[in-house]
Structures are given as C-alpha cells and as structure tokens.
Amino acid sequence: MKALRIGRSAAVLSVAALALTACGGNGGSTEDSSAGSEGAAPAEVSGTLIGGGASSQESAMTAWADGVTEVSPDLTVQYDPVGSGAGREGFLAGQYSFAGSDAAMDEEEMASAEEICGPEGVFHVPSYISPVAVAFNLEGVDEVNMDAETIAQVFAGEITTWNDPAIADQNPDAELPDTQITVVHRADDSGTTENFTEYLTAAAPESWTYDVVETWPSDITAESAQQTSGVVSLTESTDGAITYADASQIGGLGTVAVQVGEEYVPYSADAAAKAVETASEGEAGAVELDRTTEEAGVYPIVLVSYHIFCNQYQDQETADMAKAFGEYVVSEDGQAIAEESAGNAPISESTRESALESIQAISVQG
C-alpha cells in the first residue's frame with residue numbers, strides 16, 4: 001500500500017498546493033537567489049517558471065503566482081491544474097519545472113526523477129494541508145454523521161439510499177428521504193482520490209476492498225467528472241449525490257461528520273491540523289498519517305498537497321526561479337495570501353524552517 005506522505009512537521013495547515021518541483025529550464029536569471037527566513041524572493045529573478053498538478057491547489061496557486069510578483073516583479077509563474085497524477089507525469093517528462101501533488105512520489109517515480117533532476121533526486125514541501133470533505137447534495141440536510149464502515153459502503157455502492165438504516169441509525173434526529181445515492185468520483189488520476197481511498201482502506205478494510213488507488217475502481221457504478229471543480233459541480237446539480245473533495249472548494253454542499261473514537265468530527269482546518277500533528281516522518285520531506293486515530297478532535301480524512309522540486313536543476317536560471325518561488329510560498333506572506341484565497345490555515349513555523357532549509361539548498365547539476 002502506498003502511504004500518504006506529508007511534510008516533516010506537526011501542526012502544518014496551509015493552503016493550496018503549488019508544485020515546487022523542477023527540472024529542465026524554463027528560462028530566468030538571478031545573481032543571488034538566497035532569501036531571508038521570511039522567504040522573500042530576490043527581486044533579480046526573472047523568467048517564467050512552469051508547473052502543473054493538483055487541482056486542489058488552484059486557488060492558492062493563483063494567489064501565489066500573483067503575490068510573488070510583489071517581491072520578484074519579473075518572475076512569472078504558470079500553473080496547469082491538471083491533477084496530481086498528470087502533474088507528476090509532466091514533471092518526470094520535463095514538461096513542468098515543478099509539480100503540485102496531493103500525494104508524494106512513490107519509489108518508482110523518485111527513481112525516474114533522477115533522469116531529470118540528477119542523482120540527488122527530488123524533495124517534497126508540504127505547502128497546502130486541507131480536510132477532504134465528504135460532501136453531498138440533499139435538500140434540507142446540511143450535515144450527517146457516518147462512521148468509516150458506512151462511508152466505505154456508500155462509496156462502494158453497497159448502501160444506495162439516504163434513509164438506509166446504516167445512515168439513519170447514526171442520525172436519529174435527521175429526516176432522511178429515500179432518495180437514491182449517486183456516488184460522484186474523480187475521472188482523472190487524483191491525489192485526492194488516493195488520500196480518500198487510503199482512509200477507506202485503513203479505517204474500513206472489510207467494506208472497502210479496492211486498496212489505495214489514484215484512479216477510481218471501474219467496477220463501482222458511479223458518475224465521474226474531471227478535477228475538483230468538476231466533481232463539485234456535478235454533485236451540486238445532482239439530487240442525492242455524494243462526493244469527496246478538497247474542503248475549501250465545496251461551496252454550499254452538505255458534509256459528513258466522521259466518527260473518530262466515540263465522537264463525530266466535522267471537517268475543519270483545526271481538526272485536520274491535529275491529524276498532521278500525529279504524523280510520522282516519511283521519505284524526501286514527506287510524512288505518513290495515522291488514518292485510524294481515535295484521538296479526540298482529529299479529522300482523519302486529510303489531504304496534504306506538496307510542491308515537488310529537484311534538489312538540483314539542469315541550469316542556474318531554473319534553479320533560481322524555483323528557489324525564489326518556493327521561498328515565497330512558505331513565507332509568512334505567501335501563506336497568508338493563500339489562506340485568504342483558499343481558506344486554509346498557514347503552515348507551522350517548524351514546517352517553514354524545515355522547508356526553507358531544503359529550498360535554499362537547491363543547486364545546479366554538475
């Protein structure tokens with residue numbers, strides 16, 4: 001099973017993800033790419049840095065691309081929200097100089113990255129941490145309680161109506177109709193799907209038998225849409241629909257409070273941060289979450305979106321641009337502007353320090 005990896009720190013909670021991965025050269029130049037502890041990018045950097053990946057990061061990425069010009073007026077950042085899987089593929093193919101991803105690279109991908117990044121490979125920066133909301137469209141109902149087994153059975157197509165006893169018994173005060181449940185999932189390879197199915201696999205293994213996947217199982221009867229905006233839009237237009245999506249983008253949909261221990265925990269930035277606090281350290285700047293925690297106040301369905309960079313770029317120009325942009329993203333200003341745009345909390349100081357150490361060490365091959 002591929003573990004979800006998040007950054008190296010505890011209380012990390014930040015907005016949207018930008019991919020700080022890089023390879024190849026997209027132009028640009030600078031004489032001194034170092035920056036202070038606040039991550040202010042040097043004004044001398046110029047050129048266009050191109051990245052792609054997680055659509056969950058789209059709002060934050062727009063804010064970061066605009067905001068970085070205040071410290072580096074001649075740096076342009078372009079980001080294509082094609083989904084985590086396509087972003088990593090594009091990075092490995094040399095199409096992007098950084099990738100945004102809701103899942104860390106696996107061992108095979110990290111090995112492949114050496115062809116682009118050299119023998120030092122890649123590293124991950126956890127720049128965006130958000131709850132993955134289980135969101136639904138059911139008239140007159142704003143929130144329902146579900147345990148892990150019920151969520152798994154709904155998304156596996158075993159529970160098909162909203163008034164099924166498995167749901168009704170956990171919601172004695174709710175008036176649940178006999179409306180058919182329509183499961184809506186991501187059509188593209190998605191880190192959000194991977195995070196969600198990792199939770200289902202860990203917390204409800206008897207009901208979810210499909211393991212951890214980026215591509216939704218084809219034998220489950222369901223509707224699909226591309227990217228986060230697509231599944232949210234389809235759910236909004238379908239009575240009885242249910243989906244999983246970055247909580248910052250679900251709008252006015254109803255949401256599921258997830259059972260953790262003896263309580264039901266609604267999604268929130270604080271509850272997601274608590275999940276990160278208990279995470280263990282993984283490889284190349286990533287971490288591993290405890291999806292089966294019973295600690296009070298923890299929301300276990302958490303998405304950690306990374307920026308993935310080369311440790312060494314093929315040319316100085318790209319290295320300088322990646323470094324400048326990465327420093328801005330994790331800076332207090334960068335995190336604040338993303339929080340305002342995407343609604344998440346900023347990363348912790350310890351996470352910022354760890355990220356800056358890796359970002360400022362970016363160099364050139366050879």
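FYI, side chains are in, hydrogens and waters are out, and symmetry mates aren't considered; it's all heavy atoms of this structure. No experiment lies behind these values; they were computed from the predicted model shown. In this chain, numbering begins with 1 at the start of the sequence shown.
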Determine the minimum heavy-atom distance between Val302 and Tyr299, stating which atoms define it. CG2-O, 3.0 Å

Is there a side-chain contact between Glu194 and Val212 (heavy atoms, below 4.5 Å)? yes

Look at the side chain of Thr238 and the backbone N and O of Ala241, then say whether any donor-acceptor pair between them is shorter than 3.5 Å. no

Could you tell me which non-hydrogen atom of Ala319 sits nearest to which non-hydrogen atom of Ser363, and how far apart they are? CB-O, 3.9 Å

Any donor-acceptor pair under 3.5 Å linking the side chain of Thr62 with the backbone of Glu58? yes

Heavy-atom closest pair, residues Cys117 and Phe91: SG-CZ, 3.6 Å

Assess the residue pair Glu107 and Glu283 against the criterion (side chain to side chain contact (heavy atoms under 4.5 Å, CB included)); give the C-alpha distance rounded to whole Å, side-chain angles, the decisive distance to 0.1 Å, and a yes or no. CA-CA 9 Å; Glu107 292 183 2; Glu283 296 182 48; 4.0 Å; yes

Same cluster for Tyr244 and Tyr210 if Ile/Leu/Val/Met/Phe/Trp/Tyr side chains link at under 4.5 Å? yes

Could you tell me whether a side-chain N or O of Thr201 sits under 3.5 Å from a main-chain N or O of Asp211, the two making a donor and an acceptor? yes

Does atom CD (Glu114) have a neighbourhood of more than 12 heavy atoms from anything else shown, all under 6.0 Å? yes

Checking Asp246 against Ser248 for the side chain to side chain donor-acceptor pair (under 3.5 Å) test, could you report, in this order, the C-alpha distance in whole Å, the side-chain angles of both residues, the deciding distance, and whether it holds? CA-CA 6 Å; Asp246 180 348; Ser248 69; 3.2 Å; yes

Give every donor-acceptor pair under 3.5 Å between a side-chain atom in residues 171-182 and any protein atom, sequence neighbours left out.
{"residue": "Asn171", "atom": "OD1", "partner": "Asn145", "partner atom": "N", "Å": "2.6"}
{"residue": "Asn171", "atom": "ND2", "partner": "Asn145", "partner atom": "O", "Å": "2.9"}
{"residue": "Asn171", "atom": "ND2", "partner": "Ile167", "partner atom": "O", "Å": "2.8"}

When rounded to the nearest 0.5 Å, the distance separating CE of Met61 from OG of Ser341 is 11.0 Å

For residues 152-166, pull every pair meeting side-chain hydrogen bond (donor to acceptor under 3.5 Å, both in side chains), keeping only residues two or more places apart or in separate chains. Gln153-Ser207, Thr161-Asn163

Trace of the side chain to side chain contact (heavy atoms under 4.5 Å, CB included) decision for Met110 with Asp106: CA-CA 6 Å; Met110 286 195 288; Asp106 59 26; over 6 Å; no

Is there side-chain contact between Ile242 and Val184, with at least one heavy-atom pair below 4.5 Å? no

Can you run down the ring-ring contact (aromatic ring centres under 6.0 Å, His included) pairs that involve residues 141-160, sequence neighbours left out, and say none if there aren't any? Phe155-Phe196

Do the charged groups of Arg352 and Glu357 touch, with an N to O distance under 4.0 Å? no

Work out which heavy atom in Val304 is nearest to a heavy atom in Pro126; give both atom names and the distance. CG1-CB, 3.9 Å

Quick check: does any side chain N or O of Gln78 sit under 3.5 Å from a backbone N or O of Ile50, one acting as donor and the other as acceptor? no

Under 3.5 Å, sequence neighbours excluded: what are the donor-acceptor pairs made by side chains of residues 252-267?
{"residue": "Glu263", "atom": "OE2", "partner": "Gly297", "partner atom": "N", "Å": "2.6"}
{"residue": "Tyr264", "atom": "OH", "partner": "Gln170", "partner atom": "OE1", "Å": "2.9"}

When hydrophobic residues are tied together by side-chain contacts of less than 4.5 Å, even through go-betweens, does Leu303 share a cluster with Ile151? yes

With side chain to side chain contact (heavy atoms under 4.5 Å, CB included) as the criterion, how do Ile362 and Asn311 come out once you've worked through the C-alpha distance, each side chain's angles and the decisive distance to 0.1 Å? CA-CA 5 Å; Ile362 290 173; Asn311 280 296; 6.0 Å; no

Kindly determine whether Thr243 and Phe136 satisfy side chain to side chain contact (heavy atoms under 4.5 Å, CB included), including the steps that lead there. CA-CA 6 Å; Thr243 193; Phe136 61 84; over 6 Å; no

What pair of heavy atoms forms the shortest contact from Glu214 to Ser84, and how long is it? OE2-CB, 4.5 Å

Is there a donor-acceptor contact under 3.5 Å linking the side chains of Asp315 and Thr318? yes

Contacts under 3.5 angstrom, residues 228-237 side chains, donor-acceptor by atom type, not counting sequence neighbours:
{"residue": "Thr228", "atom": "OG1", "partner": "Ser55", "partner atom": "OG", "Å": "3.0"}
{"residue": "Thr228", "atom": "OG1", "partner": "Arg186", "partner atom": "NH1", "Å": "3.3"}
{"residue": "Thr235", "atom": "OG1", "partner": "Val231", "partner atom": "O", "Å": "2.8"}
{"residue": "Ser237", "atom": "OG", "partner": "Ser233", "partner atom": "O", "Å": "3.3"}
{"residue": "Ser237", "atom": "OG", "partner": "Leu234", "partner atom": "O", "Å": "3.1"}

Side-chain donor or acceptor of Trp64 paired with backbone N/O of Tyr328 under 3.5 Å: no

Apply side chain to side chain donor-acceptor pair (under 3.5 Å) to Thr292 and Tyr199, showing your working. CA-CA 8 Å; Thr292 61; Tyr199 164 74; over 6 Å; no

Indicate the atoms forming the closest heavy-atom contact of Pro131 with Ser268, along with that distance. CG-O, 3.4 Å

Quick check against the 3.5 Å criterion: does Thr197 have a side-chain atom that pairs as donor or acceptor with the backbone of Val213? yes

Does Gln335 reach the side chain of Glu340, with side-chain heavy atoms less than 4.5 Å apart? no

Between atom CD of Glu70 and atom CG of Asp333, what is the distance when rounded to the nearest 0.5 Å? 8.0 Å

OG of Ser101 to CD of Glu89, rounded to nearest 0.5 Å, is 10.5 Å

Listed partners of Asp80 passing salt bridge (Lys or Arg N to Asp or Glu O under 4.0 Å), at least two apart: none

According to a hydrophobic-cluster definition based on side-chain heavy atoms being under 4.5 Å apart (Ile, Leu, Val, Met, Phe, Trp, Tyr only), do Val134 and Val132 belong together? yes

Counting distance only, does the side-chain N/O of His185 pair as donor-acceptor with the main-chain N or O of Thr193 below 3.5 Å? no

Lys323 side-chain N/O to Ile359 backbone N/O, donor-acceptor pair under 3.5 Å: no

Short N-O contact, Lys274 and Glu295, less than 4.0 angstrom: no

Is it true that Ile301 and Val154 fall in one hydrophobic cluster, defined by side-chain heavy atoms closer than 4.5 Å? yes

With rounding to the nearest 0.5 angstrom, report the CD to CD distance, Gln227 to Gln249. 10.0 Å

Gap separating the OG atom of Ser112 from the CE atom of Met105, nearest 0.5 angstrom: 8.5 Å

Okay, side chain of Gln314, backbone of Ile116: is any donor-acceptor separation there less than 3.5 Å? yes

Only one of Thr192, Asp102, Asn195 clears side-chain hydrogen bond (donor to acceptor under 3.5 Å, both in side chains) with Ser56; which? Asp102

Under 4.5 Å between side-chain heavy atoms, counting indirect links through other Ile/Leu/Val/Met/Phe/Trp/Tyr residues: same cluster for Val141 and Ile159 or not? yes

Side-chain donor/acceptor of Arg291 to backbone N/O of Pro300, under 3.5 Å: yes

